[in-house]
Amino acid sequence: MDELRPGDPRRVGPYELQKRLGAGGMGEVYLGRSRSGRAVAVKLVRAEIAADPGFRSRFRREVDAARAVSGFWTASVVDADPEAERPWVASQYLEAPDLGVLVQRDGPLPEAELRALGAGLTEALASVHAAGLVHRDLKPGNVLMVDDGPRVIDFGISKALEGATMLTGTGAVIGTPGFMSPEQATGGRVGAESDVFSLGSVLVFAATGRAPFGTGTVPALLYRVVHDEPDLSGVPDALRPVVAACLAKDPRERPGTDSLIDTLTAAREAPPAHRPTVVAPAATPPAAVAPVVVPSVAPAAAAPTATAPQVAERKAGPVRARAKTPAPGRYELAQQAPVSGGPGLAGNAGIFTIALVLSSVAEVGLIGNQVTMMSLIVVALLTTVLTWALRALVRARRTAAVSVGLDAAGLRLRHGRAEWSRPWSEVQEVALVRTRATVSRRAGFLLRATVPAGSLRAVPPQEFGVDSGAAGVTVAAARRSAGLTLRLDPAEARELSTALRRYASRAYRPEPESKG
């Protein structure tokens, strides 16, 4: 809870604003007081979202539906004004820590408390779904741990079951990347099953203190949510099957709320004592990422089964060996590929020293142990030739484990431990270019992706640097490009080109042979 900032409003509707409770992709949340002194949490919608055509009518319907949500485990909506210049909604304010703060402060919950938490959250979701809503942002920061059990808050970005998949318009998904469902991350239809997936993620966090898909950039988290298996280590054995069922990639395979409650309460002997509350809610810890508006990883029409590259590191296999059989709708390739660039300053110094020693030995054998102008010239020439040859040999033999993954969601490149991934919405151009063989390098292919000018994340890690001389790439474009050099036979090159045409038809640009 923070003090109001200079640009914050002092009053919204009949409520006097006193503190900032938080902010997210939908808007800011404030602690407000009614004229009688009643405390409420006021969520003020961002102006750019309110300007979206049709937003107010959808918001009005959702507020009406949210008022109908009843249940012991939810914080009720008490007031709203969809017609205000900046629409707002006020809900019951509860003085209690959120789940993220509780776990950070006291550690993971034991199994009995996990079962009670899961049952309470499931009943809360059941009441939300019965009102025709989907919460769409269930995360530790939206679960308040009151003395008598959890409360689900923040229906401000809930979505009516009918209608479009987006609340803010096409091309945007609202939610928290590490806790949203695969269909939410890919822009698909979001239903009650999506909240069940988020519930599974929340239970993993409560049991282990970490999110099931780790931490990282938004694109990396979205890829893991859509394509990687969750990390369930640390979840009690008795609860692992039900949590794994909640986290099924296919929404049809997830359990319903009724069966979840039965499973979670079956082995519970008695309601556990809940942890004490604090005077005021604290900020969400780093593990619970704040809601953000992120670009949709794939168009709404994308098939739900389409998957994208694995983000987790794989062990390198032999050249051109697939790491594993790719899932339908996904192209993957893992191999040992040549490393671009020289051996570095230390490596060059070592190569020169070796070349100088060998040249001196050769000079003694050819001319004798006399220091003359001719002997110095011979040593210099031999050293130059040997240095060049040794550097070429080192460059040709230097390889690293690299992998490529792409599908309808986007592109992922890995080079050793480094990773570069982007959804197609952030890729301006992608090309597969044949590189010519040189004395120090075999012929191969350069897979290059370029992001738009001005991108805040334009500069990739050095492992993915692209030389400006490659296929006429300008210096400016090279700074915005990431690439991998691959060894592909003709069949593999055709397969990769076909995958690029299929998944990146908008951005794919076949180019002439590279000069680099």
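- Asp195 contributes a side-chain N or O that, together with a main-chain N or O of His135, makes up a donor-acceptor pair within less than 3.5 Å.
- Atom CG of Leu199 is separated from atom OG of Ser181 by 12.5 Å, given to the nearest 0.5 angstrom.
- Between Val103 and Phe205 the shortest side-chain heavy-atom distance falls below 4.5 Å.
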Between Glu495 and Thr498, does the side-chain contact (heavy atoms from CB on, under 4.5 Å) criterion hold? Intermediate values first, please. CA-CA 5 Å; Glu495 184 180 359; Thr498 299; 5.7 Å; no
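- The CG atom of Leu500 sits 7.5 Å away from the CG atom of Leu411 when rounded to the nearest 0.5 Å.
- A distance of 6.0 Å separates OG in Ser198 from CD in Gln184, rounded to the nearest 0.5 Å.
- A donor-acceptor pair is defined here as one N or O able to donate and one able to accept, closer than 3.5 Å; such a pair exists between the side chain of Arg254 and the backbone of Ala248.
- Counting heavy atoms from C-beta outward, Val40 and Val78 have side chains that approach closer than 4.5 Å.
- In this view, Arg86 and Glu28 satisfy the side-chain hydrogen bond (donor to acceptor under 3.5 Å, both in side chains) rule, not counting sequence neighbours.
- Between the side chain of Asp2 and the backbone N or O of Lys19 there is no donor-acceptor pair closer than 3.5 Å.
- Minimum heavy-atom separation, Gly27 to Arg46: CA-CG, 3.6 Å.
- Taking 4.5 Å as the limit, every side-chain heavy atom of Val42 sits out of range of all side-chain heavy atoms of Tyr93.
- The NE2 atom of His415 lies 8.0 Å from the OG1 atom of Thr485; values are rounded to the nearest 0.5 Å.
- The line from CD of Glu123 to CG of Leu260 is 11.5 Å long, rounded to the nearest 0.5 Å.
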Take Leu222 and Met180 through the test side-chain contact (heavy atoms from CB on, under 4.5 Å) and record every step on the way to the result. CA-CA 8 Å; Leu222 294 179; Met180 65 171 57; 3.7 Å; yes
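- Residues Val152 and Ala124 share a closest heavy-atom pair of CG2-CB, 3.5 Å.
- Under the 3.5 Å distance criterion, the side-chain polar atoms of Arg56 are matched with a main-chain donor or acceptor of Pro82.
- A heavy-atom distance below 4.5 Å is not found between the side chains of Tyr30 and Tyr15.
- Residues passing the side-chain contact (heavy atoms from CB on, under 4.5 Å) test with Ala238, sequence neighbours excluded: Glu111, Arg115.
- Within the 4.5 Å cutoff, side-chain heavy atoms of Leu117 are placed close to those of Met145.
- Side-chain atoms of Lys249 come within 3.5 Å of backbone N or O of Asp228 as a donor-acceptor pair.
- Summarising the geometry of Val225 relative to Phe197, their closest heavy-atom pair is CG1-CE2, 4.2 Å, with the distance given to 0.1 Å.
- Applying the side-chain contact (heavy atoms from CB on, under 4.5 Å) criterion to Asp231, with sequence neighbours excluded, gives Arg210, Ser233.
- Contact of the Val430 side chain with the Leu406 side chain is not registered, since no non-hydrogen atoms from C-beta on lie closer than 4.5 Å.
- Scanning both residues, Asp98 and Pro140, for their nearest heavy atoms gives CB-O, 3.6 Å.
- With respect to the salt-bridge test (charged N to carboxylate O, under 4.0 angstrom), the residues Glu492 and Arg487 do not qualify.
- For the pair Val242/Leu203, no side-chain contact is recorded, criterion being any heavy-atom separation below 4.5 Å from C-beta on.
- When only modelled atom types and interatomic distance are considered, Arg189 and Ser194 share no side-chain donor-acceptor pair under 3.5 Å.
- Residues Leu17 and Leu44 are not in side-chain contact: their nearest non-hydrogen atoms beyond the backbone lie 4.5 Å or more apart.
- Residues Ala244 and Leu232 approach most closely at CB-CD1, 3.8 Å, considering heavy atoms.
- Rounding to the nearest 0.5 angstrom, the gap separating the OG atom in Ser497 from the CZ atom in Arg502 is 14.0 Å.
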